[in-house]
Number of protein chains: 2
Amino acid sequence: MHEFELIQRCFADWPGRHAQVLTGIGDDGLVWQDPRPLVISTDTAVVGRHFPVDASPEQVAGRAFLPALSDLAAMGASPAFFTLALTLPARLNNASEPNIESWIQAFATELRRLAIAHKCMLAGGDTTAGEQLTLTLSVHGTCAQPVLRSGAQVGDAVWVTGQLGQAAAALPLILAGNAAAAPPAWLAAYWQPKPQIALAEQLAVFLHSAIDISDGLLGDAGHLARSSQVDLHLNLNALPLDADLVALGDRGLQYALAGGDDYQLCFTAGMNAGEQIERIAQSLGVRVSRIGEVRQGTGQLHWYDDDRKRDLPWQSFEHF
Amino acid sequence: MHEFELIQRCFADWPGRHAQVLTGIGDDGLVWQDPRPLVISTDTAVVGRHFPVDASPEQVAGRAFLPALSDLAAMGASPAFFTLALTLPARLNNASEPNIESWIQAFATELRRLAIAHKCMLAGGDTTAGEQLTLTLSVHGTCAQPVLRSGAQVGDAVWVTGQLGQAAAALPLILAGNAAAAPPAWLAAYWQPKPQIALAEQLAVFLHSAIDISDGLLGDAGHLARSSQVDLHLNLNALPLDADLVALGDRGLQYALAGGDDYQLCFTAGMNAGEQIERIAQSLGVRVSRIGEVRQGTGQLHWYDDDRKRDLPWQSFEHF
């Protein structure tokens with residue numbers, strides 16, 4: 001059928017074939033060979049759930065691909081290749097791009113641009129028909145030694161990258177059709193997440209543990225604490241919140257801690273690595289914030305306003 | 001939410017952790033390390049498209065998992081691990097199992113049974129909510145040297161495994177709610193495909209090329225011929241058709257050649273390997289049929305009734 005051939009044409013012959021992919025699209029499976037650890041992360045994005053129904057094809061490509069790369073960054077891995085399982089409806093319920101063929105072409109063009117920019121080639125996948133636009137990407141990366149959630153050590157400093165809460169604060173405005181009311185930085189955080197690949201590659205040797213905080217710092221730092229069987233003592237006043245979020249008061253803090261969609265990293269490293277971490281981040285133009293420390297414990301988070309202990313009433317953001 | 005915890009519980013702590021999976025479920029990505037070639041194949045199954053709406057959870061597990069393994073067999077690879085991206089609706093439109101929680105439990109139990117039986121562990125994935133039950137599995141296997149579609153050599157014999165056409169012949173009866181009218185072997189072929197993993201593992205050293213014929217021998221043998229830039233001369237009278245299919249006349253032949261859903265292999269090997277191939281197949285209780293030979297050409301198929309050339313009017317089955 002026509003869409004099937006169009007997809008084959010749009011996704012064939014992309015540049016950037018990876019030397020370790022022995023066989024890619026065009027056989028029963030793709031073949032990878034490399035003695036180093038291979039990190040694999042799988043993410044599904046469903047229209048109306050993970051991106052708005054009227055998102056442009058370019059926006060869908062970004063929202064499907066970039067968050068997946070953030071999982072590789074959280075493992076200290078460099079992107080190598082990905083597979084794409086694309087379920088396409090016969091008609092798109094999308095005012096800006098109702099034509100399925102031009103949708104596919106625009107989507108493929110943007111995905112190709114992102115793949116080249118992140119040195120992550122398309123090496124396989126599947127295309128099926130279904131009622132709801134659904135994308136499952138598996139991204140694959142390599143590393144010398146993966147950085148795990150479970151490696152935090154007592155005495156480590158706790159860090160986060162970037163700004164928190166901007167994407168979560170933008171989402172209600174986007175869904176309400178009122179994106180114009182959102183600061184440009186919030187919209188960029190939602191539509192063009194910047195996975196911290198380059199930073200993670202350079203920091204990996206210093207890191208004891210790391211996690212992607214796309215479900216919100218509150219929940220994801222909790223995962224890290226439980227995996228490592230330590231407590232994290234975290235200072236709310238050290239969190240990287242922009243002025244527009246701070247102006248929202250407690251709601252701004254809630255977006256930052258429990259909102260989700262921050263494709264940033266929370267990581268821990270020995271206290272003596274702080275200077276090198278700051279220097280590397282600065283050289284890459286990435287903000288890093290030291291937000292607390294690792295102490296003995298059983299997997300709890302403790303929050304402070306500088307020195308005063310504070311209880312938080314919110315739960316982690318749940319995608320499901 | 002409740003389903004999310006249920007899924008975590010159902011899929012946690014499966015046995016059969018693979019030695020080369022350094023980290024599995026519970027980190028940002030899974031980590032694999034093995035110097036051998038890694039073969040990866042991705043398949044999506046959508047309710048109402050790849051399995052009937054009222055399929056039982058056990059049937060869905062089989063239809064999603066076993067065909068994916070057939071792609072590994074076609075590469076001569078042994079299963080190692082898989083990822084599962086599961087998109088679940090809030091309500092299942094399924095008369096036999098409308099309760100989503102009991103559906104998940106039954107599905108996970110059967111998938112676990114199949115995973116253990118095929119030594120293919122669950123190592124990661126994603127669960128999302130959506131309108132339509134959709135499963136994307138990526139299966140991963142290892143091999144000494146992958147068998148490709150492109151390796152057929154002039155003078156090779158062409159073989160197929162198993163019986164052809166049974167699953168395709170069963171499908172219209174199943175969809176019409178008239179499964180009772182189908183011979184048991186047809187129903188088994190549809191619901192419990194038997195990927196030729198063990199055979200492929202033992203034959204791999206003899207094979208010059210192979211392909212999974214799940215889209216129908218007509219189309220898939222054509223892919224192999226074009227990839228290898230050879231012609232295949234194939235004898236219709238040598239095809240493995242059961243008596244019930246033969247009784248259908250030309251329609252039976254069409255199911256066998258263009259019906260799809262045969263998770264069997266078409267492969268080529270040197271003429272002198274024939275005796276060993278027959279012996280290995282016999283030892284495993286698998287039927288293999290020599291159906292033709294490879295000659296110089298440009299990727300065409302030539303069909304014969306023994307010595308008489310014959311033209312076929314049908315096209316390959318298209319899933320999309």
Side-chain angles (χ1 to χ4, degrees), chain A residues 1 3-4 7 22-23 26-46 48-50 70-72 74-75 77 83-87 123-132 134 136 138-141 143 146 148-150 210-212 223 227 318-320, chain B residues 1 3-4 7 22-23 26-50 70-72 74-75 77 83-87 123-132 134 136 138-141 143 146 148-150 210-212 227 318-320:
Chain A
M1 277 173 75
E3 287 85 355
F4 191 65
I7 288 163
L22 308 183
T23 303
D27 214 308
D28 291 283
L30 76 93
V31 183
W32 168 261
Q33 188 167 19
D34 190 316
R36 290 173 298 174
L38 179 68
V39 177
I40 308 175
S41 177
T42 300
D43 273 308
T44 299
V46 182
R49 302 261 171 186
H50 302 87
S70 187
D71 288 318
L72 294 185
M75 306 288 287
T83 60
L84 170 66
L86 186 59
T87 300
D126 195 9
T127 306
T128 54
E131 283 166 24
Q132 223 180 359
T134 305
T136 296
S138 281
V139 292
H140 301 66
C143 57
L148 305 182
R149 295 180 180 180
S150 55
I211 190 168
D212 160 280
H223 288 309
S227 292
E318 286 278 356
H319 274 298
F320 195 85
Chain B
M1 278 173 72
E3 288 84 355
F4 190 64
I7 288 163
L22 308 184
T23 303
D27 214 308
D28 291 282
L30 75 94
V31 183
W32 168 261
Q33 188 168 20
D34 191 316
R36 291 172 297 174
L38 178 68
V39 177
I40 307 174
S41 177
T42 300
D43 273 308
T44 299
V46 181
V47 67
R49 302 259 172 188
H50 302 88
S70 187
D71 287 318
L72 293 185
M75 306 288 287
T83 61
L84 169 66
L86 185 60
T87 299
D126 195 9
T127 305
T128 53
E131 284 165 23
Q132 224 180 358
T134 305
T136 295
S138 281
V139 293
H140 300 65
C143 57
L148 304 182
R149 296 179 180 181
S150 55
I211 189 167
D212 161 281
S227 291
E318 285 279 356
H319 274 298
F320 194 86

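Residue numbering restarts at 1 for every chain, and letters A, B, ... go by the order of the sequence lines. A quick note: this is a predicted structure, and the numbers were derived from the prediction, not measured.
Qualifying side chain to side chain donor-acceptor pair (under 3.5 Å) partners for Asp34(A), counting only residues two or more places apart in sequence or in other chains: Arg36(A). Scored by the side chain to side chain donor-acceptor pair (under 3.5 Å) test, Glu131(B) finds Gln132(A) as partners (sequence neighbours excluded).
Top candidate by heavy-atom pairs under 4.5 Å with chain A, chosen from Thr42(B), Asp212(B), Asp126(B), is Asp126(B). Chain A forms more heavy-atom pairs under 4.5 Å with one residue of Leu84(B), Thr134(B), Asp71(B), Leu72(B) than with any other, namely Asp71(B). Chain B forms the most heavy-atom pairs under 4.5 Å with one residue out of Pro37(A), Ala123(A), Ala85(A), Gly29(A), and that residue is Pro37(A).
A donor-acceptor contact shorter than 3.5 Å links the side chain of Gln33(B) to the backbone of Pro35(A). In this structure, the side chain of Asp27(A) does not engage the main chain of Leu148(B) through any donor-acceptor pair within 3.5 Å. Looking only at distances, a side-chain donor or acceptor of Ser41(A) sits under 3.5 Å from a matching main-chain atom of Asp28(B).
Thr44(B) places none of its side-chain heavy atoms less than 4.5 Å from the side chain of Thr136(A). Considering only heavy atoms from C-beta on, Val39(B) stays 4.5 Å or farther from Leu30(A) through its side chain.
Atom CG of residue Asp43(B) and atom OG1 of residue Thr128(A) lie 9.5 Å apart, to the nearest 0.5 angstrom. Between Arg49(B) atom CZ and Thr87(A) atom OG1 the span is 10.0 Å, to the nearest 0.5 Å.
For Pro146(B), the part lying under 4.5 angstrom from a heavy atom of chain A is the side chain only. Residue contact with chain B, scored on non-hydrogen atoms closer than 4.5 Å, involves the backbone of Ala210(A) exclusively. Proximity to chain B (any heavy atom under 4.5 Å) is shown, for His223(A), by neither the backbone nor the side chain.
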Exercise. Going through the distances and angles, do Val31(B) and Leu38(A) end up as a side chain to side chain contact (heavy atoms under 4.5 Å, CB included)?
Worked result: CA-CA 5 Å; Val31(B) 183; Leu38(A) 179 68; over 6 Å; no

